[in-house]
Amino acid sequence: MMDIKLMVNNKPYTLNIEPSERLLDVLRTRLGLMGTKEGCGEGECGACTVIVDGKTVNSCLVLAAQANGSEITTIEGVGNRRKPHPVQKAFVEVGAVQCGFCTPGMVLSAKNLLDKKSKPSDDEISVAMSGNLCRCTGYDKILRAVKLASQEGN
Amino acid sequence: MNTNVVGSRVIREDAWGKVFGQSKFPADVNLPDQLYGVVVRSPYPHARVRNIVTEKALELAGVVTVLTAKDVPHNSHGVLFRDQPVLADYVRMVGDPVAVVGAETMEIARAAAKLVEIDYEVLPAVFDAEQAMLPEALPLHPELKPTNVLYHMPIRRGTMEDGWALADVVIENEYNTQHVDHAFLQPEAVLAYVDERGHMVVQTATQYAHYDRGEIAHALGLRFSQVQVKTLAVGGAFGGREDISLQIIAALLALTTLRPVKMENTREESFYSHSKRHPMRMYYKTGATKDGKLVAMEAKIVGDAGAYASWSINVLRKSAVHATGPYVIPNVSIDSFAVFTNNPYAGAMRGFGAAQTVLAYESQMDLLAKALGISALEIRLLNHFKVGSTTATGQVLTGSIPLDQCLAKIAPYLQKGDGIL
Amino acid sequence: MKYFQPQSVREAVEIAQTSEAAFLAGGTDLVLFMQTGKIKPIALIDLGKIPQLKMIRETEGYLEIGSMATFAEMGNNELIYKQAHALWLACHTMGSPQIRNQATIGGNLGNCSPAADGLPPLLALGAEVHLVSGNGDEVIALESLLSRTPLLAQDTLIQGFRIPLKGFQSGFAKLGRRRALAIARLSVAVAIEVDGNLVTQVRVALGAVGRRAFLSEALNQDLSGQEINEAWIEKGVEQVQRIVREALGTRASAPYKRVAVSGVFREALDSFITEGGSNA
Ligand SMILES: Cc1cc2nc3c(=O)[nH]c(=O)nc-3n(C[C@H](O)[C@H](O)[C@H](O)COP(=O)(O)OP(=O)(O)OC[C@H]3O[C@@H](n4cnc5c(N)ncnc54)[C@H](O)[C@@H]3O)c2cc1C
Ligand code: FES
Ligand code: FES
């Protein structure tokens with residue numbers, strides 16, 4: 001066992017974990033942050049996407065120990081019903097959400113893109129979203145939602 | 001009736017919970033003191049289970065129980081026929097569940113699953129639906145059908161000899177489609193527990209909560225009123241959550257141990273445990289006059305149902321009904337079959353048997369057009385269904401059939417292409 | 001399992017010598033292998049806290065890339081764009097944004113899958129590898145290292161790579177089943193040195209056509225010292241097809257890859273930076 005410190009959604013945590021624990025499991029089972037989803041467990045689907053120190057990663061491929069000392073944003077740290085993030089608003093308005101299992105990861109990839117570049121090109125949007133699979137929507141509305149959010153974010 | 005909503009943009013209310021990550025999928029719910037269940041699946045496509053030794057698994061600290069076929073009160077389930085075991089003592093496909101381990105943590109349950117020793121008598125397996133139809137093939141469900149032909153749907157219309165006599169061009173071909181997995185993004189998960197009323201509560205993602213309830217009640221020997229199925233957020237389904245996957249097994253563990261039970265498939269387990277789209281082999285012979293009018297079609301469609309019936313009858317019925325495509329053909333002979341094999345079982349998936357035949361009948365149309373020297377669009381315009389047309393099954397179409405409008409809309413795009421049309 | 005987070009290369013190698021531990025870079029291969037039980041390390045040495053290993057810089061005559069540089073960092077780097085264009089291109093087709101943020105070039109070599117996207121560009125560009133172990137430092141050409149089995153001893157750390165700055169132009173192309181998250185079915189990296197209209201040196205490396213990525217010596221000889229024109233490209237296509245045929249033999253993928261490689265090779269040539277140089 002080892003101690004790690006994480007700053008998750010601006011809240012500090014000190015945790016005693018097994019070095020082999022994945023960040024995904026620590027977030028879900030130790031911190032109860034169930035918004036981060038496991039779709040494949042092998043880096044293919046992006047449902048487990050979180051932002052670590054300003055970068056999106058697949059939390060199913062990261063050990064919690066590797067994130068020691070990092071700042072982490074999960075979907076629970078992005079917007080709420082009173083003040084949704086522009087990406088969240090756009091996803092709802094455009095109809096980019098169907099079953100919703102891919103949605104937290106999608107929102108985080110889109111948010112991270114817009115944090116870095118408020119007016120991305122269509123190509124940049126496609127690339128930024130290319131690590132997130134959706135089996136329901138067919139992507140068109142997802143890309144449109146990100147575009148809309150980038151226009152509204154202004 | 002107020003129809004304001006039809007045709008307008010409405011916001012789906014559940015989307016808010018989803019963009020905030022608040023919606024609860026079955027993997028996201030837990031109860032204190034829950035056990036974790038992991039299934040041991042057959043690596044063989046056809047086998048009899050001779051013996052199961054659970055001692056080693058039970059010796060692992062944290063393992064509470066290992067259940068097998070003998071622990072299931074009524075060991076069967078299925079949407080059309082109860083031909084599928086909850087826990088198999090006779091295996092008909094790779095991935096059939098043979099035992100389930102209940103343990104204090106998921107890690108222990110997974111480790112213990114590897115320690116369950118199963119002695120299989122491996123039997124010859126058949127993977128080709130047409131071979132499975134041969135009289136000498138071993139029937140996989142003798143209690144249900146004497147042969148592996150689960151279903152045969154013949155459709156006859158007009159007179160074939162007359163049709164072929166009129167045909168100036170005849171195209172004959174074989175078409176094959178493959179297994180397809182739904183790959184819904186959320187792997188199956190269940191939380192099952194006995195509540196304060198003594199009722200079995202099963203929280204899961206399902207397309208078919210009421211049927212699940214009936215099957216759980218049947219398998220466990222409970223009354224319908226003693227079983228409650230709660231559908232949580234469903235992370236995609238596309239037909240793949242119509243059959244039962246982990247629901248009964250989790251409920252069985254919960255009933256046996258009187259503890260809440262959590263089960264979660266990995267992606268790999270998910271591939272093993274739910275239905276697939278039917279692979280179909282389709283023999284098509286289609287004839288047209290030199291003016292491009294269809295006059296005769298003969299089709300034989302063999303659908304690979306895999307190990308269990310699931311919705312195969314309905315699926316292959318739909319294949320038969322849609323076998324001509326949206327085209328008027330006066331002389332038709334269609335035979336559609338659903339056949340048991342030792343492949344993964346096939347069931348509902350988007351289109352429900354109507355998707356596969358498209359490959360065959362539309363390819364036939366393209367090839368006929370080519371042989372006749374007319375465009376692919378022309379041959380379709382000459383033959384498509386209109387109001388008043390009669391289908392191969394004798395249905396006279398009266399409703400809206402705006403295929404002509406649809407073809408007119410796409411025509412300019414088709415002709416702009418690189419001369420293909 | 002034990003977990004170490006050393007602050008320096010020396011410390012990391014010392015731990016490796018005494019602990020039988022495995023080095024952990026981004027973890028995109030290792031964490032998965034641990035998850036599936038394919039690898040069960042007794043201990044891990046997380047290299048993520050050694051700043052020196054992340055460096056990408058130009059020194060006299062070399063472009064140096066630390067082993068812990070991620071594909072995203074390399075793909076955003078101006079030096080790599082200009083001086084190691086093939087590698088830059090590989091960085092953009094590798095994995096997905098999430099994977100690129102995590103995966104490192106050192107891990108790419110450490111795992112050394114046949115389809116590792118980082119290796120053909122490094123081979124074509126003539127990269128050398130800087131290794132550190134209990135026996136001290138070693139700098140070795142990547143192509144020589146790739147002929148060793150096992151690739152690395154347990155206590156050998158990949159410190160980084162250095163690419164000689166000889167003014168090579170380079171390109172890379174990969175054939176995957178789709179555009180993102182596609183493991184290479186085939187990849188080609190080409191680096192050429194041009195003098196006027198003459199190609200004075202050609203280095204072609206292939207990925208996913210054998211156990212490990214490799215540099216084709218024969219190709220280099222056949223294609224060097226000639227004028228660049230259509231005929232040269234055709235000759236290149238022919239040669240590269242022959243190499244693939246020889247490398248794959250009777251493998252099931254051979255008939256497909258033998259044909260596909262001609263397109264991938266042409267694409268690699270097309271991917272050179274055009275400004276200020278000849279575009280082959
Ligand atoms: C979804 C997905 C998609 C992928 N797509 C691609 C792709 O398109 N192209 C591609 O090439 N790869 C791909 N990969 C594979 C993987 O991401 C790469 O091989 C990556 O470069 C590994 O780097 P890492 O930092 O994650 O290595 P790790 O997983 O940390 O390590 C890999 C191995 O290298 C050893 N190692 C790491 N660093 C060192 C060092 N400095 N010294 C000595 N040994 C070391 C480790 O001990 C381990 O054995 C993909 C992986 C996933 C999960
Ligand atoms: S669960 Fe991590 S990428 Fe799919
Ligand atoms: S909405 Fe279902 S997977 Fe994206």
Side-chain angles (χ1 to χ4, degrees), chain A residues 1-5 16-25 38-70 105-106 108-110 112-113 116-117 120 123-133 139, chain C residues 1-7 19 21-50 54 68 70-73 75-76 91-104 107 111 176-183:
Chain A
M1 300 292 276
M2 64 185 287
D3 284 335
I4 59 165
K5 283 191 167 50
N16 188 246
I17 58 154
E18 283 294 343
S20 56
E21 281 179 63
R22 302 178 302 173
L23 180 58
L24 172 65
D25 299 324
E38 177 164 7
C40 68
E42 50 179 74
E44 295 283 347
C45 77
C48 65
T49 301
V50 298
I51 302 174
V52 178
D53 295 330
K55 293 177 191 132
T56 54
V57 299
N58 295 318
S59 61
C60 70
L61 291 183
V62 180
L63 297 180
Q66 286 176 282
N68 190 8
S70 294
M106 291 279 179
L108 287 162
S109 283
N112 200 243
L113 169 69
K116 301 227 154 77
K117 188 148 194 185
D123 236 29
E124 286 167 326
I125 294 176
S126 300
V127 170
M129 304 306 288
S130 64
N132 294 78
L133 291 186
Y139 302 110
Chain C
M1 192 175 75
K2 279 199 174 141
Y3 196 86
F4 303 97
Q5 278 186 327
Q7 311 282 317
S19 65
F23 293 115
L24 172 66
T28 58
D29 284 316
L30 194 52
V31 171
L32 238 163
F33 293 154
M34 284 164 55
Q35 203 62 27
T36 55
K38 189 171 155 192
I39 294 181
K40 293 184 180 126
I42 315 170
L44 291 175
I45 307 171
D46 178 354
L47 303 175
K49 300 286 186 275
I50 309 176
K54 280 210 154 285
M68 287 296 287
T70 64
F71 280 79
E73 284 158 356
N76 283 325
C91 289
H92 286 261
T93 57
M94 187 269 184
S96 66
Q98 290 92 321
I99 297 287
R100 298 195 280 271
N101 282 335
Q102 189 78 27
T104 66
N111 184 55
R177 291 222 166 107
R178 59 194 187 97
R179 266 165 61 195
L181 279 167
I183 300 298

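This structure is a prediction, so every number in the text was calculated from the model and none was measured. Chain identifiers are assigned alphabetically (A, B, ...) following the order of the sequence lines, protein sequences preceding nucleic acid strands; residue numbering begins at 1 within each chain. The figures that follow rest on heavy atoms only: side chains count, while hydrogens, waters and symmetry mates do not.
The number of heavy atoms from other shown groups lying within 6.0 Å of CZ (R177(C)) does not exceed 12. Counting heavy atoms of neighbouring residues, nucleotides and ligands inside a 6.0 Å radius, atom NZ of K5(A) does not exceed 12 of them.
Using a 4.5 Å heavy-atom threshold, the side chains of L63(A) and L44(C) count as touching. Side-chain contact check for Q102(C) versus V62(A): some heavy-atom pair is nearer than 4.5 Å. Using a 4.5 Å heavy-atom cutoff, the side chains of Q66(A) and Y3(C) are in contact.
For chain C, no part of V52(A) is nearby; none of its heavy atoms comes within less than 4.5 Å. Using a 4.5 Å cut-off between heavy atoms, A103(C) does not touch chain A at all. Within the 4.5 angstrom heavy-atom criterion, atoms from both the backbone and the side chain of N68(A) approach chain C. Only the side chain of S109(A) comes within contact range of chain C, with at least one heavy atom under 4.5 Å from a heavy atom of that chain. The parts of L181(C) that come within reach of chain A are both its backbone and its side chain, each placing non-hydrogen atoms under 4.5 angstrom from that chain. At a 4.5 Å heavy-atom cutoff, the contact between A65(A) and chain C is made by backbone and side-chain atoms alike.
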Distance-only criterion, 3.5 Å: show the donor-acceptor pairs between side-chain atoms of residues 30-40 of chain C and protein atoms not counting sequence neighbours.
residue : atom : partner : partner atom : Å
T36(C)  : OG1  : L32(C)  : O            : 3.2
T36(C)  : OG1  : F33(C)  : O            : 3.3

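Panel note: side chain Q98(C), backbone G43(A); no donor-acceptor pair is recorded below 3.5 Å. At distances below 3.5 Å, at least one donor-acceptor pair connects side-chain atoms of N101(C) with backbone N or O atoms of T56(A).
Taking OG from S130(A) and CZ from R100(C), the interatomic distance works out to 5.5 Å, rounded to the nearest 0.5 Å. Put simply, CD1 on I99(C) and CG on L61(A) are 5.0 Å apart, with the number rounded to the nearest 0.5 Å.
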